[in-house]
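To start, the structure itself, in structure tokens.
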Amino acid sequence: MLKKLLKQNFAREATADHILLTLLTMAQSLPTFHLTYSDLDDAIALVTKTLTDLPTGPVFMPKLPEAEPIVGEDVHQDPGQPLVQRKGATVINIDGEAFGVSADLRRIIHLDEGGLRLWSLLEQPTSETEAADILAIAFPDASAAGIQSDIARMFAKFRQSGLVTPASRLL
């Protein structure tokens with residue numbers, strides 16, 4: 001649901017952190033429904049009854065923690081430079097959809113299966129080159145150029161989102 005809300009969001013006056021927290025709270029706390037129907041009149045009656053029977057009241061909206069925003073790493077870094085998950089960055093899973101969230105809650109990215117695998121690799125210092133070698137062994141039928149391209153794109157997203165940091169900064 002969060003992915004759908006993020007894609008449909010049209011707020012322009014609010015900051016990204018406020019939008020993220022508001023939509024995340026909505027996705028986690030408000031009821032959601034999936035309607036499948038063959039008769040429009042029956043569907044209208046069901047929706048009307050369901051919405052009428054829902055309890056009403058205020059929805060708790062979280063306050064953004066006081067923190068300095070994390071600036072994303074330079075996107076054009078050396079593919080041989082080992083990166084590691086930034087302390088406090090996390091992956092949340094909501095209804096089977098995974099989202100990487102920066103430690104300051106101001107940046108979010110959607111993670112597909114490949115992104116989740118790379119995120120796991122980054123528990124330990126890993127470079128783009130090392131990740132490509134690992135995935136080339138795991139998926140021998142996949143194109144090496146395709147693997148490298150996907151990894152470079154995902155590593156750039158991780159850096160821009162502030163989810164990773166150079167491993168050398170941890171020493």
Side-chain angles (χ1 to χ4, degrees), residues 1-9 11 14-30 32 60-171:
M1 180 54 108
L2 180 59
K3 182 178 175 183
K4 289 182 181 187
L5 289 171
L6 285 169
K7 284 185 173 182
Q8 295 175 4
N9 170 52
T15 59
D17 53 343
H18 181 74
I19 292 168
L20 170 62
L21 285 179
T22 301
L23 295 179
L24 179 59
T25 299
M26 288 173 57
Q28 290 177 324
S29 62
L30 296 175
T32 59
F60 168 74
M61 299 311 279
K63 182 169 173 36
L64 191 68
E66 298 295 327
E68 287 296 316
I70 293 172
V71 177
E73 302 293 338
D74 181 10
V75 177
H76 305 290
Q77 291 188 357
D78 175 10
Q81 179 185 36
L83 300 177
V84 68
Q85 294 175 0
R86 185 184 294 273
K87 183 179 179 182
T90 189
V91 170
I92 58 172
N93 190 317
I94 301 174
D95 296 331
E97 295 285 343
F99 299 89
V101 182
S102 66
D104 63 0
L105 303 177
R106 285 170 163 74
R107 300 196 184 224
I108 185 170
I109 58 172
H110 180 257
L111 299 176
D112 59 14
E113 186 177 336
L116 281 171
R117 288 179 185 195
L118 288 177
W119 181 252
S120 294
L121 285 176
L122 290 166
E123 289 175 1
Q124 300 296 318
T126 307
S127 69
E128 288 181 36
T129 305
E130 292 168 327
D133 291 344
I134 292 167
L135 292 180
I137 292 168
F139 301 97
D141 295 335
S143 150
I147 289 174
Q148 289 174 337
S149 173
D150 290 346
I151 288 173
R153 179 184 47 79
M154 200 68 227
F155 268 60
K157 284 176 75 173
F158 285 148
R159 284 192 294 270
Q160 289 172 331
S161 303
L163 295 175
V164 296
T165 191
S168 61
R169 291 194 182 164
L170 301 179
L171 302 177

Let me have the donor-acceptor pairs involving side chains of residues 142-155, under 3.5 Å, with sequence neighbours excluded, atom names and distances please.
from: Ser143; atom 1: OG; to: Ala145; atom 2: N; distance (Å): 3.3
from: Ser143; atom 1: OG; to: Gly146; atom 2: N; distance (Å): 3.0

Would a 4.5 Å heavy-atom cut-off, applied to side chains only, mark [X] and [Y] as touching?
X	Y	result
Leu122	Val84	no
Leu83	Pro125	no
Leu116	Val91	yes

Inset, instruction - Enter the distance from Leu118:CG to Leu111:CG here, rounded to the nearest 0.5 Å. - result: 9.0 Å
Legend entry - Spacing of NZ belonging to Lys157 relative to CZ belonging to Arg159, to within rounding of 0.5 Å: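 Those atoms lie 13.0 Å apart.
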Inset, instruction - For the pair Arg86 and Val164, evaluate side-chain contact (heavy atoms from CB on, under 4.5 Å) and give the outcome as yes or no after the intermediate values. - result: CA-CA 4 Å; Arg86 185 184 294 273; Val164 296; 5.7 Å; no
Legend entry - ring-ring contact (aromatic ring centres under 6.0 Å, His included): pairs with one or both residues in residues 116-140, sequence neighbours excluded: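 Listed once each, the pairs are Trp119-Phe158.
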Legend entry - Non-neighbouring partners of Thr129 that pass side-chain contact (heavy atoms from CB on, under 4.5 Å), sequence neighbours left out: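 side-chain contact (heavy atoms from CB on, under 4.5 Å) list for Thr129, sorted by chain: Pro79, Ser127, Asp133.
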Legend entry - Residues which pass side-chain contact (heavy atoms from CB on, under 4.5 Å) with Ile134, listed by chain and number, not counting sequence neighbours: Leu121
Legend entry - Counterpart residues, side-chain hydrogen bond (donor to acceptor under 3.5 Å, both in side chains), relative to Glu123 (two or more places apart):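 Here no residue qualifies.
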Legend entry - Criterion side-chain contact (heavy atoms from CB on, under 4.5 Å) on Ile109 and Leu163, from CA distance to verdict: CA-CA 9 Å; Ile109 58 172; Leu163 295 175; 3.5 Å; yes
